[in-house]
Amino acid sequence: MAHYRDLLAQIDALLRPTLGEGRVADYIPELAKVAPDQFGMAIATPDGEVETVGQAATPFSVQSISKLFALVLAIQTEGDDLWARVGREPSGAPFNALVQLDAEKGHPRNPFINAGALVVSDVLCSHYAVPENAVAQFLSRLDGRRLIHFDERVARSERNHCGRNAAMLHLMQSYGNIRNPVDQVLGAYCRQCAIEMTCEELARAVTFLACGGRDPRTGEQILPAAHAKRVNALMLTCGTYDAAGDFAFRIGLPVKSGVGGGIVAVMPNRCGVCVWSPALDRAGNSQAGARALELLTTHTGWTIF
Ligand code: DON
């Protein structure tokens, strides 16, 4: 692990002077209060070791990173039937775009744009009494350290400013692609996005995707290897919305970002990674986070390409 430690220290030193460049998300007012110049990064290996730098133990709002874990739960319950309701293509559009969804008759392009994640939440509403708790409990199990909490202020703030997500749900309901009451799905989705976790915890939680779907801590097969491969493929092609091509070009790993400034990445057969810095670029991805991952794969040569 010493080489990871040195690497993280180098990345931290290179990025410190640039922290705060970009803008924190402000369309959810509570997220606008977060200091932009924070930075943390963690690398978790299958043997249980975690190497960190900066504010890797500071909890932050996971936001769209939760879509990854909700998707895994939905695949566990629905299997391939899920793909009848949500696609597997990059959208080439912002994460909250509405026009494409109407043109494509309420069938979201993929499970990581908001519309697709709302369908996934609807699936979870059909299977769990309190779906957001199922996502949080799943994350606690993967992390294996503590109970995962919600940031109630972020949850309320998002619920009060979720007009676009509500519009998407109503639109998809009109096309017959939502089975549960819109309010219920919206509530579950908003609370799921308000889960708060640290880089250390998320790096551990994503490691099973670097291990063919098997949790290296417990030995549990979370997803069959074939499904884990598909989730990684979706992260690569859709995990950062209309910036997915640029991320593949610069970083070359499956990744999933959130507007809280977190990005998780999977280095197959090696480790899980999480980086956090709240200031975002124009596509809504962490600016320093993307740069940190780019430095990591450039220095090590560990990419999937
Ligand atoms: O629904 C939303 O808009 C937010 N809760 C999540 C969006 C998000 O994180 C997009 N990620 N980059």
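First listed ligand is number 1; within each ligand, the first listed atom is number 1. The figures that follow rest on heavy atoms only: side chains count, while hydrogens, waters and symmetry mates do not.
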message = Evaluate Lys256 for polar contact with ligand 1, using N/O atom pairs at a separation under 3.5 Å.
response = no

query = Hey, is Asn114 touching ligand 1 through its side chain, its backbone, both or neither, going by heavy atoms under 4.0 Å?
reply = side chain

inquiry  = Looking only at distances, can you tell me whether any N or O atom of Asn285, backbone or side chain, sits closer than 3.5 Å to an N or O atom of ligand 1?
reply    = no

Throw together a table of side-chain donor-acceptor distances under 3.5 angstrom for residues 91-100, partners on residues two or more places apart or in other chains.
from	atom 1	to	atom 2	distance (Å)
Ser91	OG	Ala93	N	3.2
Ser91	OG	Ala93	O	3.2
Gln100	NE2	Ser91	O	3.0

request  = Identify the protein heavy atom lying closest to atom 4 (C) of ligand 1, giving its residue, its atom name and the separation to 0.1 Å.
outcome  = Gln63 OE1, 3.1 Å

Closest protein heavy atom (residue, atom, distance) for atom 3 (O) of ligand 1 = Tyr27 OH, 2.6 Å

query = Distance from Glu21 atom CD to Asp281 atom CG, nearest 0.5 Å?
reply = 12.0 Å

message = Out of Ser286, Ala25, Ser64, who is nearest to atom 9 (O) of ligand 1 when you count heavy atoms only?
response = Ser64

request  = Heavy-atom contacts with Gly258 under 4.0 Å: which atoms of ligand 1 show up? List them by number with element.
outcome  = 9 (O), 11 (N), 12 (N)

query = Short N/O distance, under 3.5 Å, between Tyr241 and ligand 1?
reply = yes

key: Residues that Trp302 engages under ring pair (Phe, Tyr, Trp, His ring centres under 6.0 Å), provided they are two or more places apart   = Tyr4

inquiry  = Are more than 12 heavy atoms, taken from residues, nucleotides or ligands other than Phe249, located less than 6.0 Å from that residue's CZ atom?
reply    = no

message = Starting from Phe208, can I reach Ile65 by hopping between I/L/V/M/F/W/Y residues whose side chains sit under 4.5 Å apart?
response = yes

task = Please determine if Ile28 has a nitrogen or oxygen closer than 3.5 Å to a nitrogen or oxygen of ligand 1.
result = no

task = From the options Glu196, Glu158, Arg191, select the one residue that forms a side chain to side chain contact (heavy atoms under 4.5 Å, CB included) with Asp151.
result = Glu196

key: For ligand 1, the portion of Ile65 having any non-hydrogen atom under 4.0 Å away   = neither

ask   = In terms of atom number and element, which parts of ligand 1 are under 4.0 angstrom from non-hydrogen atoms of Gly284?
value = 12 (N)

note = Per-atom filter on ligand 1: closer than 4.0 angstrom to a heavy atom of Cys193 are 5 (N)

request  = Give the intermediate values and the outcome of side chain to side chain donor-acceptor pair (under 3.5 Å) for residues Tyr241 and Ser64.
outcome  = CA-CA 11 Å; Tyr241 314 107; Ser64 285; 3.1 Å; yes

query = Going by atom types alone, do Glu78 and His127 pair a side-chain donor with an acceptor below 3.5 Å?
reply = yes

Gap between atom CD of Gln192 and atom CG of Leu139 - 0.5 Å precision = 9.0 Å

remark   = Contact region, Glu158 to ligand 1, non-hydrogen atoms below 4.0 Å, reads side chain

Arg145 and Glu201 ion-paired at < 4.0 Å = no

ask   = With a 4.0 Å cut-off on heavy atoms, does Asn96 reach ligand 1?
value = no

ask   = Does any N/O atom on Phe95 come nearer than 3.5 Å to any N/O atom on ligand 1?
value = no

query = Which heavy atom of the protein is the closest neighbour of atom 1 (O) of ligand 1, given with residue, atom name and distance?
reply = Tyr189 OH, 2.6 Å

